[in-house]
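Here is the structure we will look at.
As a basis for the values below, the full set of heavy atoms in this structure was taken, side chains included, without hydrogen atoms, waters or symmetry mates. Heads up: numbering here begins at 1 and tracks the sequence.
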Amino acid sequence: MYSKWWMENLSVVKKTSRPLLLVCIAASLALSSGCSLLPKEDEEETLPAITPPQLSKKPEYVVKTETLVFDVPLSGKLMSTVEEDLYFTDDASRRIKSFPVKTGDKVEQGQLIAELDVTEQENKLRQKRLQTRQDELSMIEKLRKADETGPEQLERDKIEFELKKEEVTTLEKTIAGAKLTAPYAGTIISVYMKKGDTAKAYDAVATIADLSQLTVAATISADSLTKVAVGMEAEADINGVGKVKGKVSKLPNPKAENNGNGNGGGFPGGGQQRKPDSIENYLLIQLDQFPEGLAHGTPLGVKIITQRKENAVTIPLAALRSYAGRNYVQVVDDKGNKREVDVELGLQTSTAVEIVKGLTPGQKVVGR
């Protein structure tokens with residue numbers, strides 16, 4: 001009876017221990033895997049290292065020797081030494097009847113450039129000439145009868161006859177001046193009017209030039225002109241060629257700025273209509289060697305060297321300090337020690353200053 005009870009209880013233990021075993025196994029796995037069954041925590045953010053800002057170091061410059069060059073910058077173009085504007089001088093504004101040339105045409109001396117319409121003056125001249133011929137015959141008759149008229153009346157007749165002849169002469173000059181011709185053989189490099197336009201006295205109609213005699217011509221202000229002299233070294237920067245050395249050969253003629261006609265003249269431009277221009281209005285530069293293949297009117301830059309100082313001890317302007325009339329610099333040695341040194345200044349450009357006394361080449365100075 002006892003054995004039966006033990007066997008029954010053993011079966012109960014087997015039935016109940018199986019789920020307990022599974023629970024124990026699950027608990028053991030959970031412990032071995034850490035918190036895999038728990039919610040996953042966010043990973044810790046890695047912050048970048050903070051670098052403290054460095055104080056900016058003032059620049060240092062080496063005292064050096066160099067050539068200081070002082071120049072006057074100008075702008076200009078290639079012009080011919082034999083070049084001039086052509087214009088009518090008749091005070092009356094007249095319409096252009098004929099304009100047989102164009103830009104680039106080669107013309108001979110005396111060739112017609114333009115002609116004004118003076119048809120009315122030509123008709124008057126024919127009438128005046130006939131009238132003058134009739135007046136001559138009448139005057140001859142009066143002279144034959146000089147004894148019958150008093151001397152005063154005869155004198156008045158002579159004056160009246162001369163005045164009528166003067167009218168003929170004036171018309172002849174007007175008609176002759178209506179034709180504008182080439183003063184010499186050359187090339188028409190510019191044309192400013194056309195057939196049908198109205199030409200005023202001294203308004204440029206065209207420009208003629210001898211293209212075999214080109215030179216560098218630069219415009220210069222009155223202030224800059226006081227710094228320049230004939231013979232000074234010059235440098236022309238020509239488009240498509242580069243820099244070419246030369247010398248100032250001629251200064252502009254102040255009288256050329258007013259051509260004596262009251263129209264201002266001077267440099268090109270100014271007003272709606274171009275006034276007569278002349279190469280006399282420009283500073284001329286003779287190049288040491290004139291490049292080939294250059295065209296009239298080619299734009300260029302010019303530098304006139306007004307002063308040159310060789311082997312000057314210089315520092316940048318940024319290293320110079322001034323206070324209450326005192327000029328000084330901060331000199332730094334190889335160990336980084338700084339000290340103030342008074343300096344005596346010489347020539348100065350836009351970027352550098354000459355040190356006459358106080359520094360020697362090779363020293364280092366601190367910039368501002």
Side-chain angles (χ1 to χ4, degrees), residues 69-87 103-104 107 113 182-192 202-307:
V69 177
F70 300 86
D71 58 63
V72 176
L74 305 173
S75 60
K77 59 183 177 179
L78 290 180
M79 295 180 68
S80 172
T81 55
V82 182
E83 176 175 338
E84 64 178 290
D85 283 346
L86 306 178
Y87 48 86
T103 301
V107 295
I113 304 299
Y184 49 81
T187 302
I188 302 298
I189 59 174
S190 296
V191 170
Y192 312 109
Y202 302 102
D203 278 351
V205 175
T207 302
I208 186 174
D210 182 355
L211 299 186
S212 65
Q213 303 185 52
L214 294 180
T215 189
V216 173
T219 56
I220 185 170
S221 65
D223 180 59
S224 297
L225 187 59
T226 60
K227 308 173 185 177
V228 177
V230 172
M232 281 186 172
E233 181 184 348
E235 184 180 78
D237 191 355
I238 306 174
N239 289 0
V241 175
K243 297 180 180 180
V244 184
K245 293 184 178 181
K247 291 184 179 180
V248 177
S249 61
K250 188 177 182 300
L251 299 180
N253 182 4
K255 296 181 180 179
E257 295 181 3
N258 187 348
N259 291 277
N261 51 41
N263 287 330
F267 297 109
Q272 294 181 347
Q273 174 59 37
R274 172 188 169 103
K275 299 303 178 184
D277 188 26
S278 170
I279 197 170
E280 296 294 325
N281 297 329
Y282 296 86
L283 179 145
L284 304 185
I285 296 171
Q286 182 179 358
L287 299 180
D288 294 344
Q289 185 175 2
F290 199 91
E292 297 181 357
L294 295 180
H296 180 278
T298 299
L300 48 84
V302 174
K303 286 184 179 180
I304 309 299
I305 309 302
T306 58
Q307 192 174 3

* Minimum heavy-atom distance between Pro183 and Glu84, given as atom pair plus value -> CG-OE2, 3.7 Å
* **Derivation and outcome, side-chain contact (heavy atoms from CB on, under 4.5 Å), residues Thr215 and Tyr282** => CA-CA 11 Å; Thr215 189; Tyr282 296 86; over 6 Å; no
* Closest non-hydrogen atom pair, Ala218 against Val302 -> CB-CG2, 4.2 Å
* Asked: What distance do Lys245 atom NZ and Leu287 atom CG have between them, rounded to the nearest 0.5 Å?
  -> 12.5 Å
* Which heavy atom in Ala229 sits nearest to a heavy atom in Val248, and how many Å separate them? -> O-CB, 3.7 Å
* **Between CD on residue Glu280 and NZ on residue Lys250, distance to nearest 0.5 Å** => 3.5 Å
* Asked: From Leu300 CG over to Asn239 CG, what is the distance, rounded to the nearest 0.5 angstrom?
  -> 7.5 Å
* Asked: Shortest non-hydrogen contact from Val241 to Pro291?
  -> CG1-CG, 3.9 Å
* Hey, what do you get for CD1 (Ile188) to OG1 (Thr103), rounding to the nearest 0.5 Å? -> 8.0 Å
* Taking atom CD of Gln213 as the centre, does the number of heavy atoms from other residues, nucleotides or ligands within less than 6.0 Å exceed 12? -> yes
* **Asn281 side chain near Pro252 side chain, heavy-atom distance below 4.5 Å** => no
* Asked: Considering all heavy atoms of both residues, which atom of Leu78 and which atom of Ala295 are nearest to each other, and what is their separation?
  -> CD1-O, 3.6 Å
* Take Ile208 and Ile113 through the side-chain contact (heavy atoms from CB on, under 4.5 Å) test and state the conclusion after the steps. => CA-CA 10 Å; Ile208 186 174; Ile113 304 299; 5.7 Å; no
* Going through the checks in order, is the side-chain contact (heavy atoms from CB on, under 4.5 Å) test met by Thr298 and Leu214? -> CA-CA 10 Å; Thr298 299; Leu214 294 180; over 6 Å; no
* Please step through side-chain contact (heavy atoms from CB on, under 4.5 Å) for the pair Leu251 and Ile220, ending with a clear verdict. => CA-CA 9 Å; Leu251 299 180; Ile220 185 170; over 6 Å; no
* So do the side chains of Thr219 and Ser75 get within less than 4.5 Å of each other, counting heavy atoms only? -> yes
* To do: Flag the pair Asp237 / Glu235 as yes when at least one side-chain heavy-atom distance between them is below 4.5 Å, and no otherwise.
  => no
* Do side-chain atoms of Ser80 reach the backbone of Asp210 as a donor and acceptor pair under 3.5 angstrom? -> yes
* **Inter-residue atom distance Ile279.CD1 - Leu284.CG, 0.5 Å rounding** => 5.0 Å
* Structure fact -> Closest non-hydrogen contact found for Ala217 with Met79 is CB-SD, 3.6 Å
* Rounded distance [0.5 Å steps], CG in Asp85 versus CD in Glu83 -> 7.5 Å
